[in-house]
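A short write-up of the structure that comes next.
In what follows, every chain begins at residue 1, and chains take the letters A, B, ... in the order their sequences are listed. Since the model is a prediction, treat every value here as computed from it, not as a measurement.
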Amino acid sequence: MGAIGVIAVNAFRESLRDKILYNLVLFAGLLIGLSVLLADLSITEHHKVIADMGLAAINLIGVIIAMFVGISLVNKEIERRTIYTIMARPISRSFFIMGKYFGLTLTLLVNMSVMLAVFLLTLWLYHVPIEPSLFQAVQLMFVEILVVTAIALFFSTFTSSTLSAIFTLGLYVIGHLTADLRAMVANSEGVVGKAVVDLLYYLCPNLEMLNIKGQAAVGVSVAPEYMMLASLYGLLYAGVLLTGACLVFQRRDF
Amino acid sequence: MDDIVTEDLSKSYPSGWPGRPPFVALDGLSLTVRRGEIFGFLGPNGAGKTTTLKILLGLVRATSGRAHLLGEPAGDVATRRRIGFLPESPYFYDYLTAEEFLGFYGELAGLSRAVTTQRVDELLQLVGLGEARTRQLRKFSKGMLQRIGLAQALIHDPELVILDEPMTGLDPVGRKQVRDLILSLRDRGKTVFFSTHILHDVEMICDRVGIVMKGRLVASGRVNELVRQDHIQSVEIVCQHIKTEGNALIHSLATRVLQQGPQCLIVLPSPDAVDVLVGEIRRQGGRLLSVTPHKASLEDLFFHEAAQAVSRVPAHVTSGRVS
């Protein structure tokens with residue numbers, strides 16, 4: 001196993017032994033359970049409510065793990081000084097960053113798989129049809145989570161955990177609003193406002209592009225071309241952020 | 001052949017305030033550590049020991065100067081395969097068991113799984129943690145953590161071992177074990193470079209020492225050479241049946257006179273006055289019990305250099321902190 005793999009497996013092991021992850025999976029289960037309760041209360045469209053709530057729960061838990069574990073991935077190593085013994089080994093700083101990223105990605109993959117399994121089980125129990133659109137939505141959610149992890153990791157290479165959390169959360173919110181904001185100012189006459197929104201639009205990740213939960217819940221699939229384009233966009237964005245994180249980390253003193 | 005060479009190594013940190021001079025952690029430090037020797041890097045807290053070690057390992061970038069390890073520039077990734085490092089007061093992944101922990105570092109060093117397994121067994125026995133191999137590090141005492149830390153530094157059988165305060169947190173038995181371990185490494189041809197402020201350990205095991213004060217190397221060499229260069233000898237004379245009270249000659253020669261019953265301890269600042277004092281004891285009909293010369297210790301030299309350093313270092317170097 002290469003150095004990236006060793007770091008990734010260790011990061012995965014750390015996540016697994018961290019009880020917060022188990023609690024979040026439990027939380028996801030509760031949320032899905034709640035969706036069933038809400039569906040029982042609604043007179044019509046209970047299929048949509050269950051699917052909607054389930055997808056939202058998976059997304060929320062995934063993003064929370066990505067954000068909060070992501071920001072501590074590097075900072076915790078520096079604050080606890082475990083980085084000293086790692087960086088004294090024949091491993092480049094970029095490999096360390098990549099290893100940490102893939103370790104968390106693996107954790108998220110396992111967590112999302114568990115949550116998806118619980119979700120599918122819930123749908124099956126309540127005789128909700130399992131549409132292909134649901135899998136498409138989860139796939140793009142995972143891509144979004146990869147982007148969020150990369151954002152968190154990028155900020156954590158040069159700021160404190162608190163600031164990283166604020167910046168990551170900020171970018172996540174903006175990432176879901178830029179398309180709407182751009183549409184809002186499209187007809188406005190304010191040149192500065194339009195320029196700022198344009199800058200945000202191109203600079204920040206367009207996370208809304210990866211959000212197809214609404215239509216997926218009612219069984220409407222998107223074209224395979226869209227899936228490919230959106231996935232590529234997300235992966236490219238995460239790749240750019242990871243490259244930035246490696247470059248910043250390369251220059252850091254410990 | 002020198003395993004560690006630093007030339008005019010400096011590190012300064014910006015003060016963070018405009019107009020204020022930067023904080024100087026290292027100020028032109030030059031030293032060499034020869035292959036196969038135990039080199040003790042001495043200095044008080046904040047002298048720049050850890051900063052030097054961090055530069056050598058590539059954890060911190062030097063502001064100026066050069067540093068080479070095993071013939072390669074400090075921080076070279078491939079060279080780290082030949083170096084073992086134990087940081088000061090190490091904190092490790094406490095969710096790992098002792099064997100998982102060593103296995104992780106073995107694999108990071110590029111060892112195969114089979115070799116790693118074998119080395120883990122050997123090192124757990126070597127540091128006396130064979131019984132605790134399946135225990136998580138969060139259940140380890142401070143001394144046990146220090147020992148497992150040493151084991152991780154040695155897991156890949158490095159040529160050069162760098163230890164930052166390896167005796168910290170250890171009881172006398174643990175300190176002796178670490179001393180023996182360091183000596184056994186030298187016997188196997190390894191080079192050991194360790195920082196400490198425990199002078200006794202240095203005097204016992206080091207081939208050479210370097211003393212760093214306020215970011216500068218103020219003395220370097222063999223312990224006996226350093227002590228001989230700048231020592232203040234004293235001589236203790238114990239005798240019986242002489243009268244010291246009111247004896248102007250004895251009081252003019254001695255720095256201390258202690259009379260306890262018939263026995264008397266006289267401390268002379270140098271051996272020059274021994275003959276005169278022995279003559280006086282004989283003249284009084286007293287009995288000479290012992291004459292013990294005391295060579296200056298490393299501790300004397302250390303405090304002497306510390307005092308000198310404070311008086312010669314510019315003010316901006318003496319303020320602030322050193323990591």
Which of the residues B:D164, B:I83, B:L96, B:I162 is involved in the greatest number of heavy-atom pairs with chain A at under 4.5 angstrom?
B:L96
Reference residue B:F193; test side chain to side chain contact (heavy atoms under 4.5 Å, CB included); the match among B:L163, B:L53, B:V161:
B:L53
When you measure from the side chain of A:K76 to the backbone of A:I71, do you find a donor-acceptor pair of N or O atoms at a distance under 3.5 Å?
no
Under 4.5 Å from any heavy atom of chain B, what part of A:R89 do you find: side chain, backbone, both or neither?
both
Would you please name every residue forming a side chain to side chain contact (heavy atoms under 4.5 Å, CB included) with B:R186, sequence neighbours left out?
B:I38, B:L183, B:D207
Within residues 152-159 of chain B, which positions have a heavy-atom distance to chain A below 4.5 Å?
B:Q152, B:A153, B:I155, B:H156
Summary of side-chain hydrogen bond (donor to acceptor under 3.5 Å, both in side chains) pairs that have at least one residue in residues 58-75 of chain B, sequence neighbours excluded
B:E7-B:R66
Euclidean distance, A:N75 CG relative to A:F158 CZ, rounded to 0.5 Å
10.5 Å
Do B:Y93 and B:Q136 get their side chains close enough for a donor-acceptor pair, meaning under 3.5 Å?
no
Among B:L59, B:D76, B:L57, which residue has the highest count of heavy-atom pairs closer than 4.5 Å to chain A?
B:L59
Anything under 3.5 Å between a donor and an acceptor, one on a side chain of residues 238-252 of chain A, the other on a protein residue two or more places apart or in another chain? List them.
residue: A:T243; atom: OG1; partner: A:G239; partner atom: O; Å: 2.7
residue: A:Q250; atom: OE1; partner: A:S94; partner atom: OG; Å: 3.2
residue: A:R252; atom: NH1; partner: A:T157; partner atom: O; Å: 3.0

